[in-house]
Amino acid sequence: QVQLVESGGGLVQAGGSLRLSCAASGRSLNNFPTGWFRQAPGKEREFVAGVSWDDDNSYYADSVKGRFTISRDNAKNTVHLQMNSLKPEDTAVYFCAQSGRGYGLKFESAYDYWGQGTQVTVSS
């Protein structure tokens, strides 16, 4: 059974940085597209970033483009989300997810497995 575990969340001031990590067990992340989503209180879960299985392509929501970077560490079977210049509106629970297909990565329906999420809180 595939399990995804996020880490790295916390409380940070606006303008600060955090790096989230997603580790997998049961199936390697290395050969599957992986994405990050977030859900703020009272809002629907939304796409944040995604990376193709071969790390050749990455995708970002407009709201985080230029501030967030998704990357793979294949040696550690981990996918990271580097978040810089954080804003209060980035406050949310962040989820990583693994897809079994290589398209539609901006949509939840593309993903088969999800982590439990890690809380990111950005204070103003």
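All residue numbers refer to positions in the sequence shown, counting from 1. The structure displayed is predicted, hence computed values, not measured ones.
The disulfide (SG to SG under 2.5 Å) analysis of residues 29-77, with sequence neighbours excluded, yields no pairs.
Annotation: the span from Phe68 atom CZ to Ser85 atom OG amounts to 9.0 Å, rounded to 0.5 Å.
Not a single donor-acceptor pair under 3.5 Å links the side chain of Asn74 to the backbone N or O of Asn30. A distance-only check finds no donor-acceptor pair linking the side chain of Ser63 to the backbone of Ala61 [under 3.5 Å].
Residues passing the salt bridge (Lys or Arg N to Asp or Glu O under 4.0 Å) test with Asp62, sequence neighbours excluded: Lys65. With sequence neighbours left out, the side-chain hydrogen bond (donor to acceptor under 3.5 Å, both in side chains) criterion links Glu108 to Arg45. For Asn57, there are no side-chain hydrogen bond (donor to acceptor under 3.5 Å, both in side chains) partners at least two apart in sequence or on another chain. For Glu89, the salt bridge (Lys or Arg N to Asp or Glu O under 4.0 Å) criterion is met by no residue, not counting sequence neighbours. Shown here are the side-chain contact (heavy atoms from CB on, under 4.5 Å) partners of Ser58, two or more places apart in sequence or in another chain: Tyr60, Ile70. Every residue was checked against the salt bridge (Lys or Arg N to Asp or Glu O under 4.0 Å) condition with Arg72, not counting sequence neighbours, and none meets it. Residues that satisfy the salt bridge (Lys or Arg N to Asp or Glu O under 4.0 Å) test with Lys43, not counting sequence neighbours, are absent from this structure.
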Please report, to 0.1 Å, the donor-acceptor pairs under 3.5 Å made by any side chain of residues 113-120, with sequence neighbours excluded.
residue : atom : partner : partner atom : Å
Thr118  : OG1  : Gly9    : N            : 3.3
Gln119  : NE2  : Ala92   : O            : 3.4
Gln119  : NE2  : Thr121  : OG1          : 3.3

Donor-acceptor pairs are to be reported for all side-chain atoms of residues 14-25 against protein atoms at under 3.5 Å, with residues two or more places apart or in another chain.
residue : atom : partner : partner atom : Å
Ser17   : OG   : Asn84   : OD1          : 2.9
Ser21   : OG   : His80   : ND1          : 2.9

Check residues 95-107 and write down every donor-acceptor pair under 3.5 Å in which the side-chain atom is one partner and the other belongs to a residue at least two apart or another chain.
residue : atom : partner : partner atom : Å
Gln98   : OE1  : Arg27   : NE           : 2.7
Gln98   : OE1  : Arg27   : NH2          : 2.6
Gln98   : NE2  : Ser28   : O            : 3.2
Ser99   : OG   : Arg101  : N            : 3.0
Ser99   : OG   : Arg101  : O            : 2.9
Ser99   : OG   : Ala110  : O            : 2.7
Arg101  : NE   : Tyr103  : O            : 3.4

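Between Phe37 and Phe47, the angle of the ring planes goes over 60°, which puts this pair in the perpendicular group of the 30/60° scheme.
Two different hydrophobic clusters hold Leu86 and Val93 under the rule that ILVMFWY side chains link at heavy-atom gaps under 4.5 Å. Follow the hydrophobic side-chain contacts under 4.5 Å out from Trp53 and you never reach Val2; the two are in separate clusters. Tyr59 and Phe32 fall into different hydrophobic clusters, defined by Ile, Leu, Val, Met, Phe, Trp and Tyr side-chain heavy atoms under 4.5 Å apart, directly or through other members.
In this structure, Met83 and Arg67 have side chains that are not in contact, with every pair of non-hydrogen atoms separated by 4.5 Å or more. For the pair Val64 and Arg38, the minimum side-chain heavy-atom distance is below 4.5 Å.
Across all their heavy atoms, Val122 and Asp90 have their closest contact at CG2-CB, 4.3 Å. Across all their heavy atoms, Tyr111 and Thr34 have their closest contact at CE2-C, 4.1 Å.
Residue Leu11 is found outside any hydrophobic cluster, as its side-chain heavy atoms come under 4.5 Å of no other Ile, Leu, Val, Met, Phe, Trp or Tyr.
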